[in-house]
*Asks:* 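My questions will all concern the structure given below.
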There are 2 protein chains.
Amino acid sequence: MTDVRSSQPAAVDQRSGKRERLVSAAIRLLHQQGVERTTLADIAKAADVPVGGVYYYFKTKDDVVAAAIDAHARQSATALAQIEARERSPKGRLKALMKEFAAQSELLARYGCPLGTLCSELDKRDGEPSLAADLMRVPIEWAERQFRALGREDAYEQAIDLMAAYEGSALLANTLRDPGILTKAAERYNQWIDSL
Amino acid sequence: MTDVRSSQPAAVDQRSGKRERLVSAAIRLLHQQGVERTTLADIAKAADVPVGGVYYYFKTKDDVVAAAIDAHARQSATALAQIEARERSPKGRLKALMKEFAAQSELLARYGCPLGTLCSELDKRDGEPSLAADLMRVPIEWAERQFRALGREDAYEQAIDLMAAYEGSALLANTLRDPGILTKAAERYNQWIDSL
DNA sequence: GTCTATAAATCGATAGAC
DNA sequence: GTCTATCGATTTATAGAC
C-alpha cells in the first residue's frame with residue numbers, strides 16, 4: 001500500500017495538527033456524503049482550515065482521498081489487532097467482530113458501511129481496482145487467519161462469505177433504513193460460529 | 001412508485017424514440033460510471049441526442065435518474081415474472097434467480113450490481129430513503145413470495161438474507177475483480193435450496 | 001415542438017501576497 | 001511556510017432561435 005505519510009511536507013504540521021484534522025474530517029465526510037459529493041471546501045470547513053489552504057497539505061483532492069483511505073486502513077488494522085489481543089480463541093475473535101458490526105448498526109443503517117460505500121464509489125471513479133481493494137483485504141485476511149486457526153481448509157472462502165454477508169446486510173440496512181437487518185445477520189452468524 | 005411516464009410531454013416522442021434512448025443510455029451509464037460521474041452530456045451523446053435537448057424531455061438531471069430507476073424497476077419486475085411463468089416450483093424459481101445472477105458475474109465484477117451501487121450512491125445524494133429503496137424491494141418481495149410458498153414462516157428474513165448475500169458477493173466481486181466470488185456464492189445457495 | 005447558444009453556478013486548482 | 005484571492009474547467013440549466 002502507498003505510504004501517504006511521505007507526501008506530507010517535511011518538518012511541517014508538528015504543532016497545529018491541521019493535516020491530521022483534514023484527514024479525520026475527510027474520513028467522516030467521505031462516509032456520510034460520499035467521495036463525489038464531498039468538496040474540498042466541505043473538508044476544510046469541517047477541519048477548520050482555510051479553504052484554499054488544503055493545497056498546502058495535499059497536492060490534489062485524490063491525495064486527500066488516498067490519505068483518508070490509508071488512515072482508515074490503519075484504524076481497521078488496529079481495531080482488529082485489539083480484538084486479536086483481547087480474545088484468545090478464533091471463535092471468540094470472530095464473534096467479537098460480529099459484535100462490533102452489530103454495535104454500529106445505527107450508523108451503518110444511516111450512512112452504509114464506510115468500507116463498502118467507498119469501494120463501490122471508487123470503482124466507478126478509477127475504473128480499475130483501487131486503493132479501496134487493499135482496504136477490503138484487511139478484514140478479509142484477518143478473518144481468513146481466524147478460520148485457518150479453526151482448521152478450515154476453505155478459510156479464504158469462509159472469510160469472503162463472512163464479509164459478503166456483512167457488506168450485503170449493511171447495504172440493505174442502509175437502503176431500507178433498518179438496523180435490525182444487521183443485528184439479525186450478526187446474531188445468525190454468531191450461532192453458526194458456535195455450531196462449528 | 002412515482003409514475004415517471006406522466007412527466008413526458010403530451011403527444012411527443014411517438015416516432016423518434018429519443019426519450020426512450022435517453023432512458024436506456026442513462027440506465028447503462030449510471031451503472032458503469034455512477035450517478036455523480038455521469039453528466040447529461042454523456043447521456044445525450046450515448047443516446048445520440050443534442051446535449052441541451054435533454055431538457056426538452058426532462059426537467060432536471062434528477063428527473064432523468066428517476067426515469068431510469070423507474071424503467072429499471074419495470075425491467076426487473078418483468079424478468080422476475082418471466083421466471084415465475086417459466087418455473088413452476090418455488091425452489092426452481094429461486095434457483096433460476098441464482099442462475100441469472102451467476103450468468104452476469106463478469107459484468108457485475110466489472111461494474112458492480114446496478115441495483116446495489118445505485119442504492120448506495122443515491123443514499124449519499126438524498127440523505128433519505130430514495131426511489132432506489134422501492135427498486136430494492138422488487139426482488140426482495142419476489143423472493144419472499146417464493147419462500148412463503150415453500151411454507152417458511154420467516155419468508156421475509158430469508159428473502160433479506162438472499163439479497164444480502166447477493167449484494168455483498170457482488171460488492172466483493174467488484175472490488176476484488178473476481179467473478180468467481182459470485183458464481184461460488186450462487187452455487188452454495190443452490191445447494192442450500194436443494195436441501196430444503 | 002425541437003434544438004442551439006449561452007448563462008449561472010460549482011469546484012478543483014494555482015499564483016502570488018504576507 | 002501559510003493562506004487569500006482568483007482563475008479555468010466543468011456541468012446544470014435556460015432563453016430564445018428555427
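Per chain, numbering begins at 1; letters A, B, ... match sequence-line order. Both backbone and side-chain heavy atoms feed into the values below; hydrogens, waters and symmetry mates do not.
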*Asks:* Can you give the donor-acceptor pairs under 3.5 Å from side chains of residues 82-92 of chain A to other protein atoms, not counting sequence neighbours?
*Replies:*
| residue | atom | partner | partner atom | Å |
| --- | --- | --- | --- | --- |
| A/Glu84 | OE1 | A/Trp142 | NE1 | 3.2 |
| A/Glu84 | OE2 | A/Gln146 | NE2 | 3.3 |
| A/Ser89 | OG | A/Gly92 | N | 2.9 |
| A/Lys91 | NZ | A/Leu196 | O | 2.5 |

*Asks:* Rounded to whole Å, please give me the gap between CG in B/Asp63 and P in D/dT12.
*Replies:* 13 Å
*Asks:* Got B/Leu150 and B/Gln158 here, is their nearest side-chain heavy-atom distance under 4.5 Å?
*Replies:* no
*Asks:* Among the candidates C/dT14, C/dC3, D/dC3, find the nucleotide nearest to the side-chain atoms of A/Lys18.
*Replies:* D/dC3
*Asks:* For D/dA13, take OP1 and OP2 only and decide whether either is under 4.0 Å from a side-chain N or O of B/Tyr55.
*Replies:* yes
*Asks:* Would you kindly give the CZ-to-P distance between A/Arg19 and D/dC3, to the nearest whole Å?
*Replies:* 15 Å
*Asks:* Using heavy atoms and a sub-4.0 Å distance, could you list which residues of residues 28-54 of chain A are near DNA chain C? By number, please.
*Replies:* A/Thr38, A/Thr39, A/Leu40
*Asks:* Whether A/Arg148 and A/Glu153 form a salt bridge (side-chain N of Lys/Arg under 4.0 Å from carboxylate O of Asp/Glu) is what I want to check.
*Replies:* no
*Asks:* Could you tell me which non-hydrogen atom of A/Val54 sits nearest to which non-hydrogen atom of A/Ala44, and how far apart they are?
*Replies:* CG2-CB, 3.7 Å
*Asks:* Is B/Asp48 paired with B/Lys18 through a side-chain N to carboxylate O contact shorter than 4.0 Å?
*Replies:* no
*Asks:* Take the protein atom NZ of B/Lys61 and the nucleotide atom C1' of C/dA8, then report the distance between them rounded to whole Å.
*Replies:* 17 Å
*Asks:* Verify, without hydrogens or angle tests, whether B/Ser120 (side chain) and B/Thr117 (backbone) share a donor-acceptor contact under 3.5 angstrom.
*Replies:* no
*Asks:* Within less than 4.0 Å of OP1 or OP2 of C/dC3, is there a side-chain N or O belonging to B/Tyr57?
*Replies:* yes
*Asks:* Could you check how far OH of B/Tyr56 sits from C1' of D/dC18, rounded to whole Å?
*Replies:* 14 Å
